Amino acid sequence: MELYDVMRTTFACREFTGEPVPEEVLRRIVDNARFAPSGGNRQGWRIINVTDVATRERLADLSLPTAARYLLEVQAGESPLNTIHASAITDEQVARAEPPQWLVAHIRKAPTLLVVTVDLGLVASMDKDLDRIGLVSGGSIYPLAWNILLAARNEGYGGTMTTWGVAAEPQVQALLNIPADWAVAAIMPLGKPLKQLTRLKRKPVEEILFTNRWDGG
Ligand SMILES: Cc1cc2nc3c(=O)[nH]c(=O)nc-3n(C[C@H](O)[C@H](O)[C@H](O)COP(=O)(O)O)c2cc1C
């Protein structure tokens, strides 16, 4: 596919046909995705292809509590899980909520499930002393994760970058033998899209590109 077509049509695919992602296609996807950048080109990354059904189920289960909180916060009109505005949703409300199984169904059902991990011992976090949530560290792993989704689209497949399970990182680490210094960046269901979206909802250029000043002034 043409690059811009891939970029404009790589959507968050959550429904798949039962068709597996062939081993050689997955290999090709990763073989191309690995050209993603990372700070200092450290490439402290490892991708786990989780084929064991019970382990996948557990990863979906571990994603549920944060998916429940996410949903409640959205329903309360909040921008979910942000670190600036305190949420009105309590832990008790989350615990009482019906687990939103439908939100994690793609983790359970996808033909392929990848867990993307990063070695924090190799990540340069230039913003580590700022008084806000760390942002730069993710830049050494999410380009790889996104490249996987772009490459999958190019191969006729699709997937989603899910992060609800990251909130349960210690349990995910224990489940997959991930060392303590390695962070879980994403849990990514992959497969053949049931339906290919081609018109994604995004802000127009005028709303995101400004000259000289943040406000264009
Ligand atoms: C950092 C990040 C975290 C995300 N976490 C989740 C998640 O936990 N679960 C999920 O279903 N989708 C998740 N997504 C997918 C987004 O919801 C999706 O990319 C966005 O809504 C755009 O969807 P579209 O490309 O289909 O328009 C995540 C995406 C990003 C970039």
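The analysis underlying the following values was restricted to heavy atoms, covering all of them including side chains, and did not include hydrogens, waters or symmetry mates. What you are looking at is a predicted structure, and each value in this text was computed from that prediction instead of being measured. For ligands, and for the atoms within them, numbers begin at 1 and follow the listed sequence. Numbers for residues simply follow the sequence, beginning at 1.
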Distance (rounded to the nearest 0.5 Å) between Asp61 CG and Ile107 CD1: 10.0 Å
Lys/Arg-Asp/Glu bridge criterion (N-O < 4.0 Å) met for Arg34, Asp31: yes
So what's ligand 1 close to, N/O to N/O, under 3.5 Å?
| residue | atom | partner | partner atom | Å |
| --- | --- | --- | --- | --- |
| ligand 1 | 5 (N) | Met161 | O | 3.1 |
| ligand 1 | 5 (N) | Thr163 | N | 3.4 |
| ligand 1 | 5 (N) | Thr163 | OG1 | 2.8 |
| ligand 1 | 8 (O) | Thr163 | N | 2.7 |
| ligand 1 | 8 (O) | Thr163 | OG1 | 3.4 |
| ligand 1 | 8 (O) | Trp164 | N | 3.1 |
| ligand 1 | 11 (O) | Arg14 | NE | 2.9 |
| ligand 1 | 11 (O) | Arg14 | NH2 | 3.3 |
| ligand 1 | 11 (O) | His106 | NE2 | 3.1 |
| ligand 1 | 12 (N) | Arg14 | NH2 | 3.1 |
| ligand 1 | 14 (N) | Met161 | O | 3.0 |
| ligand 1 | 17 (O) | Arg14 | NH2 | 3.1 |
| ligand 1 | 25 (O) | Ala12 | N | 3.3 |
| ligand 1 | 25 (O) | Arg202 | NH2 | 2.7 |
| ligand 1 | 26 (O) | Ala12 | N | 3.0 |
| ligand 1 | 27 (O) | Arg202 | NH1 | 2.8 |

Interatomic spacing from CG in Leu62 to CD in Glu57 - rounded to 0.5 Å: 11.5 Å
Test salt bridge (Lys or Arg N to Asp or Glu O under 4.0 Å) applied to Arg28 and Glu24, step by step: CA-CA 6 Å; Arg28 205 157 53 231; Glu24 69 273 14; over 6 Å; no
Any pair counted as ring-ring contact (aromatic ring centres under 6.0 Å, His included), so long as it reaches residues 141-171, sequence neighbours left out: Tyr70-Trp164
For Asp127 against Ile133, the heavy-atom pair lying closest together: OD2-O, 4.3 Å
